[in-house]
There are 2 protein chains.
Amino acid sequence: MEAHADVQPDETSTIADRVFGKLRQAIVEGNIPPGSKISEPEMAARYGISRGPLREAMRRLESANLVERRPNLGARVITLSSEQLLEIYVIREALEGLAARLAAERMSAAAIADLKALLEQHRAEIAREYWQAYFQKEGDMDFHYRIVQGSGNQRLIGILCDDLYHLARMYRCKFGMVSNRARDALKEHELIVDAIAERDGELAELMMRRHIRASRRNVERRLATETTTQHRTDS
Amino acid sequence: MEAHADVQPDETSTIADRVFGKLRQAIVEGNIPPGSKISEPEMAARYGISRGPLREAMRRLESANLVERRPNLGARVITLSSEQLLEIYVIREALEGLAARLAAERMSAAAIADLKALLEQHRAEIAREYWQAYFQKEGDMDFHYRIVQGSGNQRLIGILCDDLYHLARMYRCKFGMVSNRARDALKEHELIVDAIAERDGELAELMMRRHIRASRRNVERRLATETTTQHRTDS
DNA sequence: TCCATTGAAAGTGTCGACACTTTTATGCGA
DNA sequence: TCGCATAAAAGTGTCGACACTTTCAATGGA
């Protein structure tokens, strides 16, 4: 995990950088609830720092669209609407489709082999019924990260890994999206990797777009039932 | 001009916000040359502010990928490689294609009429040979802005208008890209608008992708001749 | 003459303090 | 009791100052 372009917890980095990473993680995981106000004195005290670096970190969170800030009123964690979640899926479909095509053209043979090994691991975990814990967490993301990295397009990697994925993860935590389609998703992942291994960029893009569209439709279904049943605990 | 989601020069905004906008403009227009170091004391003195707000502005510039910052070494304006410029075109092709499709589905009739009026204006300017000054500046961008706004996807608007367009503009200034294909571009713009007016999303996406691909190829050609002739002044 | 060392100068990272704005609480009048 | 005005409290925006790091220059030795 954390194999992507994240803020390194290096000791040489600044306080603002480190606290940015911590705050982002706290927001994405829901430890700081959506819509809640972030008080500068309170946060500075919690992390044992001054308000200067904290404000720098807040600026970066603002740029990352994780907090909304209004002058003299302070910053709040963004509120999560289902429309915005679907907006992200629409963009991911276009961008990750592109990433899959580029990956098919440029990914190294070694990276493809690693990808296949990752899928093998997923397959085993699903067979052992561990998929709940795994796919609920970061398993699916790992796969997507690698494809995007394989595209070799630095700007594309930045947009997806530094911005959209954190938002997607946040929304998933918020709505409690436990993937109930792990087996289907794995099958789709396999088709994508096969296309990449065959260096068939066109097919890889098609399959990736289809995969994300299916994922979006799954979310749409859940959102629909969520709103009709009005927070019924489906246990 | 400046009709997009920019930093409002409102008096109620903070110093950091205003100086962020000013710095971004200065960087994009080349007034602060690429690769040059940005000294905090010097910049703070130039804008007559303290280092606190300036550092907040720098953080936002960092998030916008306009400056590179390394701990204890300071910030530099990003250096411009032709590879990165082409990377942006690849992403724009995917993202603006998507925007055109969404715009065809969702744009209001009034907005489409405005778009047609804009094209009419472009046509007149090209006929009067004003196209050099116009297309060299922001005329082309105006068109693209409107399409993206018409998509209605807030996240998409943010990625393109807040990040990629500024970068594209910067690279254009850097390489002195005077569009020598204004007439071709206008023709392509007309095809896109026609498709949108017909509510043909599929065609609008196809035409937009083709338009940006043509634009990218044009840049590629110029870059190729640029590197072979080694800065020959083609006057 | 060239290189290494050392000191100063400049620059970045961080902090505490103050001014102004917003919010909350208090008290007065109807 | 309710509503409004006023004042106090909290919070944000900004600044200047200090510590540490990096850079540069001068000095001394080989």
Side-chain angles (χ1 to χ4, degrees), chain A residues 6-24 26-27 31-79, chain B residues 6-24 26-27 31-79:
Chain A
D6 221 319
V7 174
Q8 73 272 15
D10 191 4
E11 199 54 44
T12 64
S13 61
T14 66
I15 289 181
D17 291 327
R18 287 195 293 271
V19 82
F20 165 73
K22 287 181 183 175
L23 277 174
R24 183 173 63 179
I27 290 173
N31 295 336
I32 304 176
S36 66
K37 184 162 153 40
I38 296 183
S39 162
E40 292 181 7
E42 180 190 334
M43 276 301 158
R46 178 186 296 189
Y47 291 105
I49 64 173
S50 169
R51 279 179 53 222
L54 184 103
R55 283 176 65 90
E56 291 182 27
M58 297 296 296
R59 288 296 192 175
R60 293 185 60 185
L61 291 174
E62 181 190 6
S63 287
N65 288 298
L66 288 175
V67 304
E68 260 174 345
R69 217 183 48 80
R70 281 187 306 180
N72 290 315
L73 294 181
R76 310 186 84 88
V77 179
I78 54 166
T79 53
Chain B
D6 219 318
V7 174
Q8 73 271 13
D10 190 5
E11 199 52 45
T12 64
S13 61
T14 65
I15 288 181
D17 291 328
R18 287 196 293 270
V19 81
F20 165 73
K22 287 181 183 175
L23 277 174
R24 182 173 64 179
I27 290 174
N31 296 336
I32 305 176
S36 67
K37 181 160 154 44
I38 295 183
S39 162
E40 292 182 6
E42 181 190 333
M43 278 299 158
R46 176 185 299 189
Y47 290 105
I49 63 173
S50 169
R51 279 180 53 222
L54 184 103
R55 283 177 65 89
E56 292 181 28
M58 297 296 296
R59 288 298 192 174
R60 292 185 62 184
L61 290 174
E62 182 190 5
S63 287
N65 287 298
L66 288 176
V67 305
E68 260 173 345
R69 217 185 46 81
R70 281 187 308 180
N72 292 315
L73 293 182
R76 310 187 84 88
V77 179
I78 55 165
T79 53

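Letters A, B, ... mirror the listed sequences (proteins, then strands); counts begin at 1.
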**Whole-Å distance separating the CG atom of Leu54(A) from the P atom of dG13(D)** = 12 Å
**Request:** Measure across Pro34(A) and Val77(A) and return the closest heavy-atom pair with its distance rounded to 0.1 Å.
**Result:** CA-CG1, 3.6 Å
**Request:** Send over the distance from Glu40(A) CD to dA10(D) P, rounded to a whole Å.
**Result:** 16 Å
**Message:** In this structure, how many angstroms lie between the P atom of dT21(C) and the CG atom of Leu73(A), rounded?
**Reply:** 13 Å
**Item:** Arg59(A) side chain vs Glu56(B) backbone, donor-acceptor pair below 3.5 Å
**Value:** no
**Prompt:** Taking OP1 and OP2 of dT12(D), is either one under 4.0 Å from a side-chain nitrogen or oxygen of Lys37(A)?
**Reply:** yes
**Prompt:** Given side chains that start at C-beta, do those of Leu23(B) and Met58(B) come closer than 4.5 Å, heavy atoms only?
**Reply:** yes
**Prompt:** Expressed in angstrom and rounded to an integer, what is the separation of Asn72(B) atom CG from dG11(C) atom P?
**Reply:** 14 Å
**Asked** Which whole-number value in Å describes the distance from Ile38(A) CD1 to dT12(D) P?
**Response** 10 Å
**Complete:** Rounded to whole Å, CD of Glu56(A) lies from P of dT12(D) at a distance of 16 Å
**Message:** Looking at dG13(D), I'd like to know if its phosphate oxygens (OP1 or OP2) sit under 4.0 Å from a side-chain N or O belonging to Arg69(A).
**Reply:** yes
**Minimum-distance nucleotide (side-chain atoms of Arg51(A) versus dT12(C), dT22(C), dA17(C))** = dA17(C)
**Item:** Asp17(A) bridged to Arg69(B) by N-O distance under 4.0 Å
**Value:** yes
**Asked** Nearest to the side chain of Pro41(B) - dC15(D), dG11(C), dG11(D)?
**Response** dG11(C)
**Prompt:** Separation of Met58(A) atom CE from dT14(D) atom C1', in whole Å?
**Reply:** 17 Å
**Prompt:** In terms of side-chain heavy atoms of Ser50(B), which of dC15(C), dG11(C), dC15(D) is nearest?
**Reply:** dC15(D)
**Message:** Please confirm whether the shortest side-chain N or O distance from Arg55(A) to OP1 or OP2 of dT12(D) is below 4.0 Å.
**Reply:** no
**Request:** Grab the CD1-P distance between Ile15(A) and dC20(D) for me, whole Å please.
**Result:** 13 Å
**Asked** Which atom pair, heavy atoms only, marks the closest approach of Ala44(A) to Arg51(A)?
**Response** CB-CG, 4.2 Å
**Nearest-nucleotide pick for Pro71(B), side chain only, options being dG13(C), dT23(D), dT23(C)** = dG13(C)
